[in-house]
Structures are given as structure tokens and as C-alpha cells.
Amino acid sequence: MLQARLLCLDNQAHEHAHDYHQLVLSLAGRAEFEVNGAGGEVCRMRACLVPGDADHQFAGMGENRMLILDLDEDDMRDGDRDLLLRLFDSPRYPALDADFLNLLNYAGAELARYGSDPQLARTLGGVLLHALHLRLFGERRIGSGGPLDLDTLDSHILHNLARRITVAELAQVACLSPSHFHAQFKDSVGLTPHQYLLKARLDHATRLLRESRLPLVRIAEECGFSSQSALTTAMRRYLGLTPRRLREGV
């Protein structure tokens with residue numbers, strides 16, 4: 001079984017389990033998940049892999065539109081079954097790169113138009129599944145500088161989030177040339193350095209909106225956005241919600 005469907009998750013928390021795997025992707029908005037105790041958020045830049053039989057809780061966060069793949073490994077071919085076993089050996093919240101998001105947007109538009117065609121749904125779902133598998137487990141080029149120290153990079157980003165951070169600066173922290181750093185970073189993380197920085201800024205802004213009463217202009221400054229309107233635009237584009245709605249928890 002491979003079924004693809006579009007769904008809006010309501011804001012009420014739900015808890016259940018089922019004997020098939022699920023891949024949850026966001027076309028717009030966000031949702032909170034907890035799978036076998038591992039918590040995370042589904043948004044435009046992050047998916048959720050729910051293994052079959054895993055207890056999971058979930059709730060939408062305001063307006064959202066999810067693309068959900070239901071996958072039963074018993075009904076899959078041997079090669080696809082091996083793929084599922086590897087993808088769903090544990091709960092995951094993989095980051096999504098810009099190319100994958102373009103593919104996701106296309107699949108969402110086609111399903112919205114022709115979702116009643118089961119063959120189309122299976123084909124689009126299979127493409128998304130294989131593209132994600134390649135990003136997580138496909139061959140990656142290894143840069144001459146060795147593995148990246150993401151903990152050091154994350155610490156540098158967090159301590160300098162309020163100002164402009166360049167790729168050349170991050171490359172210097174990683175002791176690589178800017179060109180080698182950019183290629184190695186995308187291979188290792190699945191995002192470009194610019195996408196990763198934007199995600200860090202949005203994640204920090206989301207935490208401040210939920211956990212503090214700082215005015216929006218201050219949050220924009222602390223997270224490195226040029227203005228309050230720039231923060232609002234980025235949140236609306238990548239998270240599907242405005243800062244006000246995030247703060248209100250709707």
C-alpha cells in the first residue's frame with residue numbers, strides 16, 4: 001500500500017498508532033508531533049517519519065495543509081520494502097532542501113487537481129519517498145576537510161544570530177574554503193548554508209514568540225532580520241503563519 005492524501009490537521013491533540021508507516025510533509029503551516037517520545041515539528045523545512053506501530057501524538061498549529069503518505073511494507077516490492085525498513089527504523093524529522101520543496105510543491109498541486117486518480121497518487125508518493133531516501137542515505141561527496149563539526153557551527157550561529165553571518169565566515173570556522181564549505185555543507189546537512197541560517201533564525205524567533213513577551217521588533221533584531229516586516233514575511237512564506245498567530249498559539 002502506498003497512498004498519498006492531503007489533509008488539514010486540527011489544533012486538538014490526537015494520539016494513536018497504526019500498523020503502517022507514515023511520511024508527513026507540510027505544504028503550508030506547521031504541526032507538532034511526538035513519536036515514541038521523540039518530539040519535533042513538521043514545517044516547510046522539516047518532515048516527520050512515523051514508523052508503523054509507533055505511538056504518536058500530533059496536533060496542527062493554526063492553518064496548515066499536509067501531504068501524508070501511508071505506506072504498508074507488506075504490500076511493497078522487495079526493493080521498496082528494504083527502502084522502508086531503512087527509512088522507518090526509528091522516528092525521524094529530516095530537514096528538506098530547496099530542490100525537494102520544489103518537488104513537494106509540484107506533487108501537492110497535482111494531488112489537489114487529480115487526487116482521485118490512485119495511480120497518480122502512488123507515483124507521486126513513490127517519487128517523494130525515493131527522493132527523501134536518497135537525501136538521507138544516498139552517496140555523498142566527502143570534502144577534503146573531513147566531516148563538519150556542526151556543534152561548533154551551531155554554537156557560532158547562535159551566539160551571532162543578531163547580526164549578518166556570511167558563508168565565508170562559517171567556512172573560516174570550519175577551516176574550509178567558501179566553495180568547499182558550501183558543497184560539503186549541502187551534502188552533509190541537505191540544506192545550503194543560507195537555508196540553514198534562515199531556519200536557525202526562524203526557529204529562534206518561534207521560541208521567543210512562544211516563551212517571551214518581547215515586542216516583535218526586538219525579536220526581529222535578536223534573530224538577525226532587517227525589520228519586523230522582514231520577519232513577518234519570512235514566517236508567512238516558510239512557516240505558513242504570522243508572528244502574531246504563532247504567539248497566540250493558533
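Everything quoted here is computed from the prediction, not taken from an experiment.
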C175 vs H180, side-chain contact (heavy atoms from CB on, under 4.5 Å): CA-CA, chis, key distance, verdict: CA-CA 10 Å; C175 301; H180 285 162; over 6 Å; no
Chi angles and distances behind the side-chain contact (heavy atoms from CB on, under 4.5 Å) call for L176, F185: CA-CA 11 Å; L176 293 170; F185 190 93; over 6 Å; no
L25/L96 under side-chain contact (heavy atoms from CB on, under 4.5 Å): CA gap, chis, key distance, verdict: CA-CA 10 Å; L25 300 154; L96 306 176; 4.1 Å; yes
Pair Q184-S188, side chain to side chain donor-acceptor pair (under 3.5 Å): steps then yes or no: CA-CA 6 Å; Q184 188 170 334; S188 298; 5.0 Å; no
Derivation of the side-chain contact (heavy atoms from CB on, under 4.5 Å) call for R92 and L136: CA-CA 10 Å; R92 302 178 192 275; L136 291 176; 4.3 Å; yes
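Looking only at side-chain heavy atoms (C-beta outward), D82 and H133 stay at 4.5 Å or farther from each other. At a threshold of 4.5 Å between non-hydrogen side-chain atoms, the residues R245 and T242 count as touching. Between S26 and N64 the shortest side-chain heavy-atom distance does not fall below 4.5 Å. In this structure the side chain of Q119 reaches within 4.5 angstrom of the side chain of T123, judged on heavy atoms. Between Y114 and L120, the closest side-chain pair of non-hydrogen atoms falls below 4.5 Å.
The two residues H204 and C223 come nearest to each other via the heavy atoms CD2-SG, 3.6 Å. When all heavy atoms of A54 and A17 are compared, the closest pair comes out as O-CB, 3.7 Å. Across all non-hydrogen atoms, the minimal contact from F225 to A234 is CE2-CB, 3.8 Å. Across every non-hydrogen atom of P91 and P51, the tightest pair is N-CG, 3.7 Å. In terms of heavy-atom proximity, R46 sits nearest to A95 at NH1-N, 3.6 Å. Between P193 and V167, the shortest heavy-atom contact is CB-CG2, 3.9 Å.
Distance CG/L170 to CZ/F181: 4.5 Å, rounded to 0.5 Å. From T192, atom OG1 reaches atom NE2 of H182 across 5.0 Å, with rounding to the nearest 0.5 Å. With values rounded to the nearest 0.5 angstrom, L2 atom CG is found 8.0 Å from L84 atom CG. Separation of atoms CG (L71) and CD (Q3) is listed at 9.5 Å; rounding is to 0.5 Å. Taking CG of L128 as the reference point, atom CG of L103 lies at 5.0 Å (rounded to 0.5 Å). Interatomic distance, L158 CG to R201 CZ, rounded to the nearest 0.5 Å: 11.0 Å.
Listed by chain and residue number, D203 satisfy the side chain to side chain donor-acceptor pair (under 3.5 Å) test with K199 (two or more places apart in sequence, or in another chain). In terms of the side-chain contact (heavy atoms from CB on, under 4.5 Å) criterion, residue partners of L111 (sequence neighbours excluded) are, by chain and number, A4, L6, L67, A121, L124. Checked against salt bridge (charged side-chain N to carboxylate O under 4.0 Å, His left out), D19 has no partners two or more places apart in sequence or in another chain. Considering only residues two or more places apart in sequence or on other chains, R5 meets the salt bridge (charged side-chain N to carboxylate O under 4.0 Å, His left out) condition with D70. For A109, the side-chain contact (heavy atoms from CB on, under 4.5 Å) criterion is met by no residue, not counting sequence neighbours. With sequence neighbours left out, the side chain to side chain donor-acceptor pair (under 3.5 Å) criterion links E15 to Q57. Applying the side chain to side chain donor-acceptor pair (under 3.5 Å) test to N36 and every residue at least two apart in sequence or in another chain returns nothing. The side chain to side chain donor-acceptor pair (under 3.5 Å) search around D149 returns T152, not counting sequence neighbours.
Taking the six-membered ring for Trp and the full ring otherwise, H56 and H18 have centroids separated by under 6.0 Å.
No option in D97, D187, D99 other than D97 meets the side-chain hydrogen bond (donor to acceptor under 3.5 Å, both in side chains) test with R135.
Shown here is H159, whose NE2 atom has no more than 12 heavy atoms of other residues, nucleotides or ligands within 6.0 Å.
Each salt bridge (Lys or Arg N to Asp or Glu O under 4.0 Å) pair with one or both residues in residues 153-178, not counting sequence neighbours, appears once here: R163-E169. The salt bridge (Lys or Arg N to Asp or Glu O under 4.0 Å) analysis of residues 116-126, with sequence neighbours excluded, yields no pairs. Within the structure, the salt bridge (Lys or Arg N to Asp or Glu O under 4.0 Å) test picks out the following pairs touching residues 213-225 (sequence neighbours left out): R218-E222.
No single ILVMFWY cluster, assembled from side-chain heavy atoms under 4.5 Å apart, contains both Y20 and L85. Under the 4.5 Å side-chain heavy-atom criterion for grouping Ile, Leu, Val, Met, Phe, Trp and Tyr, L202 is not connected to V217 through any hydrophobic cluster.
In this structure, H21 contributes its side chain and F88 its backbone to no donor-acceptor pair below 3.5 Å. Distance alone, capped at 3.5 Å, is enough to place a donor-acceptor pair between the R247 side chain and the L209 backbone. In this structure a side-chain-to-backbone donor-acceptor pair under 3.5 Å is present from T233 to S229. Using a distance-only test at 3.5 Å, with no hydrogens or angles considered, a donor-acceptor pair links the side chain of N105 to the main chain of L101.
Other members of the hydrophobic cluster containing M66, listed by chain and number, are L7, L9, V24, F33, V35, V42, V50, F58, I68, Y93; membership follows side-chain contacts under 4.5 Å among ILVMFWY residues, whether direct or relayed.
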